[in-house]
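Written out below as structure tokens is the structure these notes cover.
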Amino acid sequence: MRKNWDDYFMDIAFMVKERSTCPRLQVGAVIVKDKRIKATGYNGSPPGFDHCVDVGCLMIAGHCRRTIHAEVNAIMECSPEERKGATIYITAQPCMECSKLIIASGITRVVYSTPYEPEYDFFKYAPWIEIVRWERGQEGIG
């Protein structure tokens with residue numbers, strides 16, 4: 001049976017996460033518009049910085065602060081026009097900071113796999129954004 005689009009792009013997000021350099025949590029993200037990939041991102045250190053896998057995590061208040069999150073890296077890789085009305089596929093539910101960035105970016109659909117309880121749910125104030133907890137084989141975008 002042919003894979004639906006959500007399964008297809010989420011499978012790609014899971015492949016992208018394999019590039020992550022933070023051993024605490026590996027996350028992959030894929031931005032898609034009109035069924036075309038516009039950008040990918042994974043959590044890792046800024047260019048030129050040491051990676052967590054090499055020197056350890058920089059833990060502050062229970063979070064690794066050495067890495068840039070997958071969503072941020074993906075959003076930085078595409079233009080505002082490419083993001084407007086796009087879907088972002090993420091292997092984990094976005095944190096509070098990434099949620100705000102997604103809302104501001106013009107993305108209108110978030111599909112995530114692993115749940116995460118952010119400190120605050122900014123998406124409840126953004127009803128124009130569709131939030132989908134992905135499960136393989138569910139009805140998606142076609």
Side-chain angles (χ1 to χ4, degrees), residues 1-54 57-142:
M1 184 159 95
R2 190 171 187 196
K3 192 178 285 197
N4 71 45
W5 288 108
D6 280 351
D7 288 352
Y8 174 74
F9 290 121
M10 191 59 84
D11 284 349
I12 293 169
F14 274 96
M15 290 296 294
V16 170
K17 90 173 198 168
E18 293 180 16
R19 293 279 308 152
S20 296
T21 61
C22 183
R24 279 192 75 246
L25 181 63
Q26 296 183 314
V27 178
V30 178
I31 296 176
V32 174
K33 187 172 181 181
D34 301 326
K35 299 179 184 168
R36 300 285 183 250
I37 295 172
K38 300 300 178 183
T40 64
Y42 53 88
N43 55 327
S45 299
F49 282 50
D50 291 327
H51 294 287
C52 296
V53 294
D54 299 325
C57 294
L58 177 61
M59 297 300 293
I60 299 173
H63 298 278
C64 179
R65 299 299 183 187
R66 185 179 310 282
T67 63
I68 299 171
H69 288 192
E71 301 94 322
V72 175
N73 278 321
I75 288 168
M76 289 182 358
E77 289 296 319
C78 59
S79 71
E81 185 58 36
E82 290 172 314
R83 293 189 306 258
K84 187 177 180 182
T87 297
I88 187 167
Y89 293 88
I90 317 163
T91 60
Q93 184 176 352
C95 70
M96 185 175 70
E97 293 301 317
C98 288
S99 296
K100 291 189 294 186
L101 184 61
I102 290 167
I103 291 165
S105 75
I107 289 169
T108 56
R109 187 166 182 262
V110 177
V111 180
Y112 70 91
S113 178
T114 306
Y116 170 81
E117 292 300 323
E119 298 88 8
Y120 191 80
D121 181 11
F122 282 98
F123 288 123
K124 70 182 178 183
Y125 296 107
W128 61 90
I129 298 179
E130 178 186 3
I131 309 297
V132 178
R133 166 88 191 277
W134 174 78
E135 293 182 31
R136 184 170 302 284
Q138 71 190 15
E139 287 297 316
I141 60 173

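Because only heavy atoms are used, hydrogens play no part in the values below, and waters and symmetry mates are left out as well, while side chains stay in. Bear in mind that the values here come from a model prediction, so they are computed numbers and not experimental data.
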With sequence neighbours left out, the residues meeting side-chain contact (heavy atoms from CB on, under 4.5 Å) with Glu82 are Lys38, Cys78, Ser79
Which atom names give the shortest non-hydrogen contact between Cys22 and Val53, and what distance separates them?
N-CG1, 4.4 Å
Under 4.5 Å between any side-chain heavy atoms of Phe9 and Thr87, yes or no?
no
For Asp11, salt bridge (charged side-chain N to carboxylate O under 4.0 Å, His left out) partners two or more places apart:
Lys3, Arg136
Contacts of Phe49 meeting side-chain contact (heavy atoms from CB on, under 4.5 Å) (sequence neighbours excluded), chain-then-number -> Ser45, Pro46
Contact summary for Ala86 and Ile31, nearest pair of heavy atoms
CB-CG2, 3.8 Å
Shortest non-hydrogen contact from Ala39 toward Ala74:
CB-O, 3.3 Å
Heavy-atom nearest pair, Tyr89 first then Asp6, reads OH-OD1, 2.6 Å
Quick check: does any side chain N or O of Thr91 sit under 3.5 Å from a backbone N or O of Gly28, one acting as donor and the other as acceptor?
yes
With sequence neighbours excluded, residues passing salt bridge (charged side-chain N to carboxylate O under 4.0 Å, His left out) with Lys33:
Glu81
Looking at every heavy atom in both Glu71 and Cys98, which two are closest together, and how far apart are they?
OE1-SG, 3.5 Å
Under the salt bridge (charged side-chain N to carboxylate O under 4.0 Å, His left out) rule, collect the residues that match up with Glu77, sequence neighbours excluded.
none
Surrounding CE of Met96 (heavy atoms of other residues, nucleotides or ligands, distance under 6.0 Å), is the total greater than 12?
yes
Any non-hydrogen side-chain atom of Leu101 less than 4.5 Å from a side-chain atom of Ile75?
yes
Just to verify, what does Thr108 make a side-chain contact (heavy atoms from CB on, under 4.5 Å) with, not counting sequence neighbours?
none
Side chain to side chain donor-acceptor pair (under 3.5 Å): pairs with one or both residues in residues 57-70, sequence neighbours excluded:
none
Looking at residues at least two apart in the chain, or sitting in another chain, which of them share a side chain to side chain donor-acceptor pair (under 3.5 Å) with Asn43?
Ser20
Excluding sequence neighbours, so at least two apart, what forms ring pair (Phe, Tyr, Trp, His ring centres under 6.0 Å) with Phe123?
none
For Lys100, enumerate each residue passing the salt bridge (charged side-chain N to carboxylate O under 4.0 Å, His left out) test, keeping only those at least two apart in sequence or located in another chain.
Glu97
Taking all non-hydrogen atoms of both residues, which atom of Tyr116 and which atom of Pro94 are closest, and how far apart?
CD2-O, 4.0 Å
Any Ile102 side-chain heavy atom under 4.5 Å of Val110 side chain:
yes
Separation of Glu18 CD from Tyr42 OH (nearest 0.5 Å)
12.5 Å
Atom CG of Asp34 with >12 non-hydrogen neighbours under 6.0 angstrom
no
To the nearest 0.5 Å, atom OG of Ser113 lies from atom CD1 of Ile90 at 10.5 Å
Residues that Tyr120 engages under side chain to side chain donor-acceptor pair (under 3.5 Å), provided they are two or more places apart
Tyr125
Any residue meeting side-chain contact (heavy atoms from CB on, under 4.5 Å) with Val132, in chain and number order, not counting sequence neighbours:
Arg109, Val111, Glu130, Gln138
Taking the side chain as every heavy atom from C-beta outward, state whether Arg19 and Gln26 have any atom pair closer than 4.5 Å.
no
With rounding to the nearest 0.5 angstrom, report the CG to SG distance, Leu25 to Cys95.
10.0 Å
Please step through side chain to side chain contact (heavy atoms under 4.5 Å, CB included) for the pair Arg133 and Gln93, ending with a clear verdict.
CA-CA 8 Å; Arg133 166 88 191 277; Gln93 184 176 352; over 6 Å; no
In terms of relative ring orientation, are Trp5 and Tyr8 parallel, tilted or perpendicular, with 30° and 60° separating the classes?
perpendicular
Are the side chains of Ile107 and Ile129 in touch, meaning some heavy atoms are under 4.5 Å apart?
no
Check: Met76 and Asn73 side chains under 4.5 Å, non-hydrogen atoms:
yes
